[in-house]
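Following: one structure in structure tokens, then a few remarks.
We count residues from 1, following the sequence as given. Please read all numbers here as calculations on a predicted model, not as lab measurements.
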Amino acid sequence: MTDPADEAPQKPTAFELVGGEARVRELVDRFYDLMDLEADFAGIRAMHPQTLDGSRDKLFWFLCGWLGGPDHYIERFGHPRLRARHLPFAIASPERDQWLRCMAWAMEDVGLAQPLRERLLHSFFDTADWMRNHPG
Ligand code: HEM
């Protein structure tokens with residue numbers, strides 16, 4: 001017997017709504033370009049290595065899975081342990097907010113539709129807020 005759930009139309013994942021791997025890469029590249037260029041983000045830029053190539057790859061791999069697409073990050077590194085991996089950096093509300101502003105700006109620049117940007121920003125907020133490890 002056929003399970004009716006098998007025939008129900010699947011809701012698209014956020015990964016599909018963004019437009020797949022090429023568009024996630026575009027978003028990550030714009031995010032780190034802005035972080036590199038804009039004085040507003042100098043605080044979080046200073047926490048990163050001089051060259052951002054490795055950071056770009058890791059965030060791209062991570063976001064593909066986080067958005068419901070392929071698990072490139074987990075395949076390479078195992079469980080993300082994202083909070084633990086951020087413990088070497090002092091992250092308080094100003095750093096969280098810089099990260100989120102940089103991502104909001106990048107999402108706008110690459111032309112994601114406004115309702116999708118809003119939905120993703122809410123999810124990014126929850127993850128970024130959970131990364132705070134410092135008072136203030
Ligand atoms: C809250 C503010 C945040 C700050 C200040 C911050 C800062 C950083 C820094 C300095 C690194 C190290 C980069 C490197 O080693 O190349 C890093 C790595 C990373 N961040 Fe963040 N981050 C923040 C939020 C987030 C959020 C919200 C996400 C995901 C949605 C994220 C995902 C990652 C990933 C996947 C890595 C690579 C981890 C690894 O394998 O080493 N970060 N972050």
Side-chain angles (χ1 to χ4, degrees):
M1 212 170 87
T2 320
D3 181 343
D6 289 343
E7 283 165 23
Q10 294 288 307
K11 267 178 99 184
T13 61
F15 177 77
E16 285 163 338
L17 292 174
V18 167
E21 283 194 13
R23 297 281 286 151
V24 177
R25 185 72 217 200
E26 222 182 298
L27 174 64
V28 167
D29 280 336
R30 188 63 192 146
F31 173 80
Y32 276 118
D33 287 348
L34 288 167
M35 196 192 285
D36 216 15
L37 290 167
E38 295 296 328
D40 285 3
F41 310 130
I44 56 172
R45 173 64 186 92
M47 296 175 174
H48 286 74
Q50 209 175 350
T51 156
L52 291 171
D53 297 352
S55 315
R56 287 175 195 265
D57 283 345
K58 285 186 222 156
L59 188 59
F60 165 64
W61 290 325
F62 176 81
L63 286 186
C64 284
W66 187 81
L67 291 165
D71 272 330
H72 297 310
Y73 185 95
I74 291 176
E75 280 162 16
R76 285 168 175 82
F77 306 113
H79 190 282
R81 300 186 301 110
L82 219 50
R83 196 170 190 284
R85 288 194 208 265
H86 284 76
L87 285 177
F89 315 108
I91 301 178
S93 303
E95 289 73 28
R96 174 198 65 193
D97 293 343
Q98 276 181 39
W99 196 102
L100 290 168
R101 276 205 310 281
C102 190
M103 184 53 80
W105 190 341
M107 288 196 289
E108 197 174 341
D109 279 1
V110 301
L112 296 193
Q114 205 267 338
L116 178 60
R117 294 200 316 256
E118 210 164 289
R119 171 181 154 189
L120 292 179
L121 202 58
H122 272 106
S123 305
F124 278 129
F125 178 88
D126 291 342
T127 305
D129 194 53
W130 167 68
M131 227 81 88
R132 279 185 306 136
N133 52 32
H134 218 254

ask   = According to the salt bridge (charged side-chain N to carboxylate O under 4.0 Å, His left out) rule, which pairs have a member within residues 38-54, sequence neighbours left out?
value = D36-R45
task = Apply side chain to side chain contact (heavy atoms under 4.5 Å, CB included) to the pair T13 and L67, showing each step before the final yes or no.
result = CA-CA 7 Å; T13 61; L67 291 165; over 6 Å; no
Straight-line distance of M35 CE to W99 CH2, nearest 0.5 Å = 8.0 Å
key: R30 side, atom CZ; E26 side, atom CD - distance, nearest 0.5 Å   = 10.5 Å
key: Reported CZ-to-CG distance for the pair R25 and L63, which is rounded to 0.5 angstrom   = 10.5 Å
query = What is the minimum heavy-atom distance between A106 and L34, and which atoms define it?
reply = N-CD1, 3.6 Å
task = Might you work through the side chain to side chain contact (heavy atoms under 4.5 Å, CB included) test for R56 and D33, ending with a clear yes or no?
result = CA-CA 10 Å; R56 287 175 195 265; D33 287 348; 2.8 Å; yes
message = Test side chain to side chain contact (heavy atoms under 4.5 Å, CB included) on L27 and M103; report intermediate values, then the result.
response = CA-CA 8 Å; L27 174 64; M103 184 53 80; 4.0 Å; yes
note = To the nearest 0.5 Å, atom CZ of R23 lies from atom CD of E16 at 14.5 Å
key: Which atom of A42 lies closest to which atom of Q98, heavy atoms considered   = N-OE1, 4.3 Å
request  = On the 0 to 90° scale, with breaks at 30° and 60°, tag the F62-Y73 ring pair as parallel, tilted or perpendicular.
outcome  = perpendicular
message = Using side chain to side chain contact (heavy atoms under 4.5 Å, CB included), reason through D109 and W105 one step at a time and then give a plain yes or no.
response = CA-CA 6 Å; D109 279 1; W105 190 341; 3.4 Å; yes
key: Shared hydrophobic cluster for W130 and L120 (ILVMFWY, side-chain gaps under 4.5 Å)   = yes
Side chains of residues 86-97: which donor-acceptor pairs under 3.5 Å do they make with residues two or more places apart or in other chains?
residue : atom : partner : partner atom : Å
H86     : ND1  : L82     : O            : 2.7
S93     : OG   : G136    : O            : 3.1
E95     : OE1  : A92     : N            : 2.9
R96     : NH1  : D129    : OD1          : 2.5

note = Scanning both residues in full, the closest heavy-atom pair of V24 with F60 reads CG1-CD1, 3.8 Å
query = How would you list all residue pairs meeting salt bridge (charged side-chain N to carboxylate O under 4.0 Å, His left out) that involve residues 65-79, not counting sequence neighbours?
reply = none
query = What heavy-atom pair brings L52 and Y32 nearest, and what distance separates the two atoms?
reply = CD1-O, 3.8 Å
ask   = For the residue pair F31 and C102, what are the closest heavy atoms and their distance?
value = O-SG, 3.3 Å
task = Grab the two heavy atoms, one from H48 and one from S55, that are nearest each other, plus how far apart they are.
result = CD2-OG, 3.8 Å
